[in-house]
Amino acid sequence: MPDETLTVTDNRTGKNYTLPIIDGTIKATDLRQLSVVDGDHGLMAYDPAYLNTASCRSAITYIDGDAGILRYRGYPIEQVAEDATFLETSYLLLEGELPTATQLASWTEDIRRHTYVHQNVKKFLEGFRYDAHPMGMLLGAVGALSTFYPDAKHIDDPTNRYLQRVRLMAKVPTIAAFIFRHSRGLPYVLPRNDLDYIGNYVNMTFEIGGRHDPNPVLQRALDLLLILHADHEQNCSTSAVRSVGSSHVDPFSAVSAGIAALYGPLHGGANEAVLTMLDEIGTKQNIPVFIEAVKAGKGRLMGFGHRVYKSYDPRAKLIKTVADDVFAQTGLNPKLEIALELERIALEDPYFVSRRLYPNVDFYSGLIYQAMGFPPDYFTVLFTLGRLPGWIAQWEEMLNDPEQKISRPRQVYTGPEVREFVPMARR
Ligand code: CMC
C-alpha cells in the first residue's frame, strides 16, 4: 500500500475500505470491492463527460487551467511558439525531445517525400458536391487513406507506425489544399517539394495560373497558429482518436474519428461559429442585446469558455499578437472591432466572470484565417492540420501503454425491468 491512501466507509454495509492514492487519483476499479452482496458488480464511478476522470497517464502535454499554463513535453507554449517551427514542434510532441539539426532535417525530408496522394484521392474528392463542408470531405478522405495503405494495420510494428506518421503529416495538408480547390472549382495544384511544409501547403491552396507570391509574415503566422493547436491533452477529439484507436484499428481511421469530433461547434468548429456569430451581431451597437440573449440562455458566446481553462487561455493571448502581425499585412478585419468589444464587455460582466469564462483559442483565430484568405467553413481544417501531430503522438502513447485496453465505459442502466415480449398482433 502506498503512503497516501483514502479510507471510505460504505454506509450500506458499515464496512471500511482503504484505497491507495497514486498521482492524486484513486483507481475506479478499486471501488469494485465495495459490494453489498456477493456477485454484484461493486461500486462504480459515475462521471458523464469525464468531468473528473483521468482516462490515461500521459507525458505529452501539461495544462494548469487555473494558472493558464500550457506546456508541450515540459516546454512552455510561449517559448515553443517563439522559437520553434511547426515541424520541430511536431517532432517534439512525437519523440518527446527537441530534435537536433540532423534529426529535424531527416524528419522534414521524410515528410517531403510523402506529400503526393494517389490519383484516385482526387477522383473521390470530385464526388463531393461543390458546397460540401470541408470538414465532411476531410474526415471522409483521411479515413479513406486506410484503403490505400492497408499495411497501416500493422500497428504493433514501430517502423510501420513511423511510416504512417509520416504519411499523415505529409498527405493531410495535400488533401486539405485539394478540398479548398474543390470548393472553388479550381484545378488541384500538386505538391512542390522545393518548398517548406507551410510554403508548399499555401502554394497548393492559393496558386493561380502557376503563380503565387508567398508572404513570409503570413506563412510564419500560419506556422505559429499550427503550433498553438498542436496538442491539448485529453480533449474531445484526442479522446476520440485514443478511444477508436484502442480497438487497434489503423491510424487513418482513428485520426478520421478525431476529425469528426473536431468538426463539432463546441470543439474545433467553434472557430467557424465565432465568425457566424460576429456576422449575426453585425455592429457594435448590437452587442449588449446579444450578450443579454446569451445570459438568458439563448445561445452561447462562441469562442468563450473551456472545460479546463478557468483563466485566460494562453493560446488566445499568443494569437492576439499573431493577429497584430497579420493585420499589419492584410489590413484590419472589420469584425475585429466587434470581437474586441465583445471580449471587453464579457470580461466585466458578472455572468461570465462568475463562471470564469474567458476567450479561448477559437475566439480570434478565425479572424486571422479570414484575413489570410480562408473562408469560415474551412477554418476547422486548419485546426486539424495543427492538431495532427498531437493526435498521432497520443495514439502511439496509448498503444505503448501497458495499462491501456480497448476503451469501453460502463453505464447506469435506467430502462425498463425485464418484461414479456408482445407480438405485433396483440399490440
Ligand atoms: N457562453 C455562455 N455561457 C457559457 C459558455 C459560453 N461560451 N460556456 C459555458 N457557459 C456557461 C454554461 O451555460 C454553464 O452555465 P450554468 O452553470 O449557469 O449552467 C457554465 O458556463 C458552465 O458551462 P459548461 O457547459 O458546463 O462547461 P463545459 O466545460 O461543459 O463546456 C465548452 C466547455 C467549451 C464546451 C463551453 O464553454 C462552450 O460551449 N463554449 C463555446 C464553444 C467554444 O468556444 N468551444 C471551443 C472550446 S476551446 C477549443 C477547442 O477545444 O476546440
Side-chain angles (χ1 to χ4, degrees), residues 47-53 60-61 63 65-66 68-70 77 135 138-139 225-242 257-278 280-281 287-320 339 342-369 376-388 390-391 394:
D47 189 11
Y50 299 110
L51 289 180
N52 195 33
T53 295
I60 301 173
T61 289
I63 300 177
D66 287 322
I69 290 174
L70 169 62
I77 186 65
M135 283 299 278
L138 188 66
L139 81 90
L225 285 165
L226 299 195
I227 292 173
L228 298 181
H229 287 86
D231 193 52
H232 214 230
E233 51 120 306
Q234 308 313 314
N235 54 82
C236 178
S237 57
T238 301
S239 304
V241 171
R242 278 182 173 258
I259 298 174
L262 195 70
Y263 190 175
L266 296 188
H267 192 7
N271 53 18
E272 178 185 353
V274 169
L275 259 279
T276 311
M277 174 186 78
L278 295 176
E280 278 166 15
I281 296 173
I287 293 177
V289 176
F290 173 78
I291 293 276
E292 286 314 308
V294 168
K295 286 159 60 177
K298 298 179 193 139
R300 291 202 158 192
L301 176 50
M302 298 311 286
F304 258 68
H306 198 274
R307 172 63 60 76
V308 183
Y309 292 122
K310 299 301 170 197
S311 66
Y312 215 100
D313 182 336
R315 302 168 301 172
K317 265 189 209 155
L318 292 163
I319 280 182
K320 278 177 103 172
L342 261 180
E343 178 185 338
R344 190 190 64 75
I345 294 180
L347 291 182
E348 288 172 0
D349 189 299
Y351 174 95
F352 298 93
V353 174
S354 64
R355 289 170 179 76
R356 303 176 73 189
L357 301 171
Y358 292 85
N360 59 49
V361 71
D362 292 319
F363 193 65
Y364 287 106
S365 62
L367 292 171
I368 304 176
Y369 294 143
D377 66 357
Y378 192 81
F379 296 167
T380 315
V381 171
L382 297 164
F383 192 150
T384 306
L385 296 184
R387 186 53 54 87
L388 200 51
W391 285 336
Q394 299 267 354

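Every number for a ligand or one of its atoms is a count from 1 in the order of the listing.
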To the nearest 0.1 Å, how far is atom 34 (C) of ligand 1 from its closest protein heavy atom, and which atom is that?
-> G305 O, 3.7 Å
Which ligand 1 atoms, with their elements, are less than 4.0 angstrom from a heavy-atom of G268?
-> 52 (O)
Taking every non-hydrogen atom, the tightest pair across L139 and Y263 | CD2-CD1, 4.0 Å
Residue portion contacting ligand 1 (non-hydrogen atoms closer than 4.0 Å) for V294 = side chain
For V361, take its heavy atoms, then give the atoms of ligand 1 lying under 4.0 Å from any of them.
-> 49 (C)
Look at atom 1 (N) of ligand 1 and find which of T238, L301, L51, L357 reaches it with the closest heavy atom.
-> L301
List the closest protein heavy-atom neighbour of atom 52 (O) of ligand 1: residue, atom name, distance to the nearest 0.1 Å.
-> H267 ND1, 2.7 Å
Here the atoms of ligand 1 under 4.0 Å from any heavy atom belonging to A270 are 43 (C), 44 (O), 45 (N), 46 (C)
So, H232 versus Y309, ring centres under 6.0 angstrom or not?
-> yes
Take atom OH in Y351; do more than 12 heavy atoms of anything else shown fall under 6.0 Å from it?
-> yes
Where does D362 meet ligand 1, judged by heavy-atom distances below 4.0 Å: at the side chain, the backbone, both, or neither?
-> side chain
Per-atom contacts of ligand 1 with F383, taking only distances under 4.0 Å to non-hydrogen atoms = 52 (O)
Which pair of heavy atoms, one from H229 and one from V361, lies closest together, and at what distance?
-> NE2-CG2, 3.6 Å
At under 4.0 Å between heavy atoms, what of Y351 touches ligand 1? The answer is side chain
Distance flag for atom 45 (N) of ligand 1, protein heavy atom under 4.0 Å = yes
Side-chain heavy-atom pair R356, D66 within 4.5 angstrom cut-off = yes
Below 4.5 Å, heavy atoms only, C-beta onward: do F290 and I345 meet side chain to side chain?
-> no
Of R300, R355, H232, the one whose closest heavy atom lies nearest atom 12 (C) of ligand 1 is R300
Before signing off on this row, confirm whether M302 and ligand 1 have an N or O atom pair separated by under 3.5 Å.
-> no
Number the atoms of ligand 1 from 1 as they appear, then name those within less than 4.0 Å of a heavy atom of R307, with their elements.
-> 28 (P), 29 (O), 30 (O), 33 (C)
Protein heavy atoms: any of them under 4.0 Å from atom 38 (C) of ligand 1?
-> yes
Counting from 1, what ligand 1 atoms have a heavy atom of G303 closer than 4.0 Å?
-> 43 (C), 44 (O)
Just one of E233, Q234, R387 clears the side-chain hydrogen bond (donor to acceptor under 3.5 Å, both in side chains) bar with Q394, so which one?
-> Q234
Hey, could you give me the CG/CG distance between L275 and L367, rounded to the nearest 0.5 Å?
-> 6.0 Å
Sub-4.0 Å protein heavy atom near atom 26 (O) of ligand 1 | no
Can you name the one residue among L70, I319, I63, I69 that meets side-chain contact (heavy atoms from CB on, under 4.5 Å) with P314?
-> L70
